[in-house]
*Asks:* 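Can you keep this structure in mind? I'll have questions shortly.
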Amino acid sequence: MDETMSVQQNLKTIKGNIQQACHIANRNPDEIKIVAVTKYVSVQRAQEALSCGVVHFGENRDEGLQEKWDHLTEQAVWHFIGSLQTKKVKKIIDKVDYIHSLDRISLAEEIHKRATRPVKCFIQVNISGEESKHGLQPGEVAGFVKDLSPFTNIELVGLMTMAPYTEDEELLRTCFRDLKELQGNIKSMDLPYAPCMELSMGMSNDYMIAIEEGATFIRIGSALVGSEK
Ligand SMILES: *Cc1c(COP(=O)(O)O)cnc(C)c1O
């Protein structure tokens, strides 16, 4: 599962794993969208993924997004998955369909101001409480959602988290479960701008657990396209 394998081979393995996790959790595999995270790899490798039928692509920097976008723009759906500086919003806003890293009101304000149509956003939540991680604390999320109401160019489609880098399955499971529970709270607020139907969680190392716990978008880099240019 690395860059010596074809994307097609990796994709086949991942799809098999998705099937398996869905079977365990009694879910429909069609609910799971794979976001190919291309931040480590070349345009060519990203194009290989596109030719294998991958539709969703994720980048975490405006330069990377620009480079890949120039070459894959017609067919790809773009996700911005990295922490987003307010001053970078205008560079990316017309290229992305989803932003996974909404974590402060000043950013919401800027997205609202620069967007010419509603943008699908995820609130990034620091579910594990690790200091190194971006995102709102779980207890801050409901208030933040209410504060989004003036920003009509923001559609809150879901919550996103990055789990700790660990092999401790129970810890991972707890993180994903906590995000799902929080999603339930936001959904029950029943706000028209915050349907919050999606959960962006799970990466190369933990996506099967994330799927078992309710992920709808999994963000996969190294296991799908590899991790070296
Ligand atoms: C890099 C990155 C990923 C993908 O990581 P892999 O472990 O290579 O699958 C997913 N989400 C975010 C936010 C990332 O920055």
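Numbering of residues begins at 1 and proceeds along the displayed sequence. Hydrogens, waters and symmetry mates play no part in the numbers below; they use all other heavy atoms, side chains included. When a ligand or atom number is given, it counts from 1 through the structure's own listing order.
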*Asks:* Side chain of Asn126, backbone of Lys133: donor and acceptor closer than 3.5 Å?
*Replies:*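 Side chain of Asn126 to backbone of Lys133, a donor-acceptor pair under 3.5 Å: yes, one is there.
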*Asks:* Check this for me, if you would: do Glu109 and Lys113 make a salt bridge, where the nitrogen-to-carboxylate-oxygen distance has to be below 4.0 angstrom?
*Replies:*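 Here Glu109 does not pair with Lys113 in a salt bridge, since their nearest N and O are not under 4.0 Å apart.
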*Asks:* Quick one: does any side-chain atom of Arg219 pair with a main-chain N or O of Val35 as donor and acceptor, under 3.5 Å?
*Replies:* no
*Asks:* Would you mind checking which non-hydrogen protein atom is closest to atom 13 (C) of ligand 1, with the distance to 0.1 Å?
*Replies:*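 Going atom by atom, the protein heavy atom closest to atom 13 (C) of ligand 1 ends up being Ile81 O, 3.4 Å.
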*Asks:* At what distance is the nearest protein heavy atom to atom 2 (C) of ligand 1, and which residue and atom is it?
*Replies:* Lys39 NZ, 2.5 Å
*Asks:* Can you tell me if Tyr207 has a non-hydrogen atom under 4.0 Å from ligand 1?
*Replies:*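 Per 4.0 Å heavy-atom rule, Tyr207 does not contact ligand 1.
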*Asks:* Give the atom numbers and elements of ligand 1 that come within less than 4.0 Å of a heavy atom of Ile220.
*Replies:* 9 (O)
*Asks:* Counting N and O atoms only, with roles assigned by atom type, does the side chain of Asp168 sit under 3.5 Å from a partner on the main chain of Leu171, one being a donor and the other an acceptor?
*Replies:*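 At least one qualifying donor-acceptor pair exists.
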*Asks:* In the protein, what heavy atom is nearest to atom 6 (P) of ligand 1, and what distance, to one decimal place, separates them?
*Replies:*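 Atom 6 (P) of ligand 1 sits closest to the protein heavy atom Ser204 OG, 3.4 Å.
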*Asks:* List every atom of ligand 1 that sits less than 4.0 Å from any heavy atom of Met162, numbering the atoms from 1 in the order shown and giving each element.
*Replies:* 13 (C)
*Asks:* At a 4.0 Å threshold, what atoms of ligand 1 neighbour a non-hydrogen atom of Arg219?
*Replies:* 4 (C), 9 (O), 10 (C), 11 (N), 12 (C), 13 (C)
*Asks:* Spell out, yes or no, whether Ile81 and Phe176 are grouped together once hydrophobic residues are joined by side-chain heavy atoms under 4.5 Å, including indirect joins.
*Replies:*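 Each belongs to a different hydrophobic cluster.
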*Asks:* Charged N to carboxylate O under 4.0 angstrom, Glu110 versus Lys87?
*Replies:*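 No, this pair does not count.
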*Asks:* Compute the centroid of each ring, for Tyr98 and then for Phe217, and state whether the two points are separated by less than 6.0 Å.
*Replies:*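 For Tyr98 and Phe217, the ring centres are under 6.0 Å apart.
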*Asks:* Among all protein non-hydrogen atoms, which one is nearest to atom 5 (O) of ligand 1, and what is the separation to 0.1 Å?
*Replies:* Met203 CE, 3.5 Å
*Asks:* Go through ligand 1 atom by atom and flag the ones less than 4.0 Å from a non-hydrogen atom of Gly221.
*Replies:*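 So the atoms of ligand 1 that pass are 4 (C), 6 (P), 8 (O), 9 (O).
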